[in-house]
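Take a look at the structure set out below.
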Amino acid sequence: IDFKNFFNSISRPAIFRALLAVPDFVDLYPFLAAIYSKGDPARLWADLGGGQEWDDVLSREGVQQGCSFGSFLAALALQPILEAVARTMPEGLIAAYCDDVRICAPIPVALAAYRLLRRLARKDLGCEEVPSKGSVMWEGEMSHVALCRLSMFPSSMPGRTTRILHDKHLGVFVGDSRPESVAADKAAPHAKFEDKAALITHLRILSDPQVKLNLLRSCASKRPGFWLRTMSPSLTTDSSAWFDARLRECMDEIAAKPLTDHAWLLSTLPKTLSGLGLTSAMATRFPAHFASWLGAWSHHSHVPLCHFTHS
């Protein structure tokens with residue numbers, strides 16, 4: 001579930017009501033009220049054409065882009081609505097990262113929660129949910145009755161009329177157990193890995209092998225880390241092997257000869273263990289994923305699973 005222009009349109013009175021409702025945050029009010037004053041709003045400049053004519057845009061609603069408190073305030077205003085929706089759910093989960101909301105529940109519960117969320121967001125925050133920016137997914141097979149209930153979601157929501165292969169949640173590709181969905185989940189991160197490997201290709205224009213090595217170690221080799229942490233290792237194996245092959249090719253050029261398997265292994269060891277410090281995607285995909293999973297689990301283990309937000 002996603003909203004239209006959430007950060008720019010969210011109600012400032014709703015933001016400050018939520019802020020003042022939390023005793024730990026009350027002391028922030030004088031400072032933030034000065035920053036987000038409607039009486040003396042921040043001025044943004046809009047180019048009306050060719051850089052010759054400009055106009056002022058007064059910031060009177062929403063949070064300001066670039067503000068260190070922006071995501072915090074937006075999530076804080078949405079939190080009471082998430083909690084109100086969660087209290088109506090006899091089972092399932094509602095969770096959010098800023099304005100990206102996920103509801104996981106049986107169809108009747110999820111549909112009721114979705115409708116309530118839309119209504120409260122419009123009434124209390126002035127935010128409009130956009131069905132085409134959301135999606136609906138499910139695992140396994142559905143009965144005819146369940147499919148009829150599914151049709152009660154907006155027709156423009158992906159997955160409502162035609163089952164989608166996978167979805168993208170906060171940059172992470174999520175699918176189900178169907179073979180075609182698994183294949184799509186594997187192909188999607190591979191495209192990202194190819195994009196990140198472009199930096200390795202650009203290193204060829206450099207003549208200094210030490211500079212190449214430093215950029216390869218500090219920048220290029222770590223680029224797939226986000227997907228290694230957030231996706232199952234079984235889905236990133238092929239992409240990791242492909243990315244490591246590009247790293248190894250670059251190391252061959254730096255060394256001016258092909259690396260042996262032993263030399264490649266040594267180059268991927270930490271410098272504290274006499275290695276070169278390159279990050280192997282194949283070697284780190286398991287520890288990266290499970291360390292991330294364990295960290296997230298321990299962080300949220302004390303939070304009721306029916307409602308939490310993270311910003």
Side-chain angles (χ1 to χ4, degrees), residues 2 6-7 65-66 71 97-100 102 130 132-135 137 158-159 164-176 178-255 258-259 264-265 267-268 270 275-293 295-296 310-311:
D2 208 346
F6 178 77
F7 292 98
Q65 294 188 19
S71 296
Y97 186 99
C98 293
D99 65 326
D100 290 315
R102 299 288 177 264
V130 184
S132 61
K133 294 177 68 176
S135 65
M137 295 185 66
I164 57 179
L165 291 177
H166 66 84
D167 197 6
K168 191 176 180 181
H169 297 178
L170 300 174
V172 182
F173 301 97
V174 180
D176 53 59
R178 291 172 296 158
E180 59 270 30
S181 178
V182 173
D185 262 356
K186 289 182 177 181
H190 189 77
K192 294 292 185 181
F193 280 41
E194 288 181 343
D195 178 62
K196 299 305 179 184
L199 175 61
I200 300 174
T201 304
H202 295 330
L203 292 180
R204 291 174 179 167
I205 66 176
L206 301 174
S207 58
D208 189 324
Q210 190 64 43
V211 173
K212 277 187 180 181
L213 176 60
N214 285 333
L215 290 173
L216 190 68
R217 175 175 54 220
S218 302
C219 301
S221 71
K222 295 176 171 58
R223 302 195 86 191
F226 175 75
W227 293 278
L228 297 181
R229 293 194 305 271
T230 55
M231 297 186 67
S232 170
S234 63
L235 298 176
T236 58
T237 298
D238 295 341
S239 300
S240 297
W242 179 88
F243 192 84
D244 275 7
R246 306 290 82 75
L247 290 177
R248 186 166 178 172
E249 289 171 0
C250 189
M251 279 301 303
D252 290 345
E253 293 180 6
I254 292 172
L259 267 65
W264 168 247
L265 178 62
S267 68
T268 60
L276 292 181
L278 293 179
T279 302
S280 164
M282 281 293 287
T284 58
R285 69 190 195 282
F286 278 99
H289 177 70
F290 289 113
S292 177
W293 180 89
H310 183 196
S311 62

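Side chains are part of it too, since the values below use all heavy atoms of this structure and drop only hydrogens, waters and symmetry mates.
In this structure, Asp99 contributes its side chain and Phe6 its backbone to no donor-acceptor pair below 3.5 Å. Thr268 places a side-chain N or O within donor-acceptor distance of the main-chain N or O of Leu265, the cut-off being under 3.5 Å. Looking at Ser181, its side chain does come within 3.5 Å of a backbone N or O of Leu165 through a donor-acceptor pair.
Atom CE of residue Met251 and atom CG of residue Leu216 lie 7.0 Å apart, to the nearest 0.5 angstrom. We find the CG-CZ distance between Leu228 and Phe286 to be 11.0 Å, quoted to the nearest 0.5 Å. Rounding to the nearest 0.5 Å gives a distance of 5.5 Å between OG of Ser221 and CG of Leu278. The line from CZ of Arg285 to OG of Ser280 is 8.5 Å long, rounded to the nearest 0.5 Å. The structure places CG of Asp208 at 12.0 Å from CG of Leu203, a figure rounded to the nearest 0.5 Å. To the nearest 0.5 Å, atoms CH2 (Trp242) and CE (Met282) are separated by 14.5 Å.
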Just distance, no hydrogens or angles: give the donor-acceptor pairs under 3.5 Å from side chains in residues 187-202, sequence neighbours left out.
unit_1: His190; atom_1: ND1; unit_2: Ser239; atom_2: OG; d: 3.4
unit_1: His190; atom_1: NE2; unit_2: Glu194; atom_2: OE2; d: 3.3

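In terms of the side-chain hydrogen bond (donor to acceptor under 3.5 Å, both in side chains) criterion, Thr284 has no residue partners (sequence neighbours excluded). When the salt bridge (Lys or Arg N to Asp or Glu O under 4.0 Å) test is applied to Asp2, the partners found at least two apart in sequence or on another chain are Lys133. Annotation: salt bridge (Lys or Arg N to Asp or Glu O under 4.0 Å) contacts of Asp176 (sequence neighbours excluded): Arg163, Arg178. Qualifying side chain to side chain contact (heavy atoms under 4.5 Å, CB included) partners for Pro209, counting only residues two or more places apart in sequence or in other chains: Ile254.
Considering every non-hydrogen atom in both Ala220 and Pro224, the closest pair reads O-CD, 4.2 Å. For Met137 against Ile164, the heavy-atom pair with the smallest separation is CG-CD1, 3.7 Å. The nearest pair of heavy atoms linking His289 to Pro233 is CD2-CD, 3.6 Å. Taking each heavy atom of Phe7 and Cys98 in turn, the nearest pair found is CZ-CB, 3.9 Å.
Looking at His166 and Val182, their side chains never come closer than 4.5 Å, going by heavy atoms from C-beta outward. Side-chain contact check for Asp252 versus Arg248: some heavy-atom pair is nearer than 4.5 Å. The shortest distance between side-chain heavy atoms of Asp244 and Trp264 falls below 4.5 Å.
The salt bridge (charged side-chain N to carboxylate O under 4.0 Å, His left out) pairs that include a residue from residues 214-235 number zero, where partners must be two or more places apart or lie in different chains.
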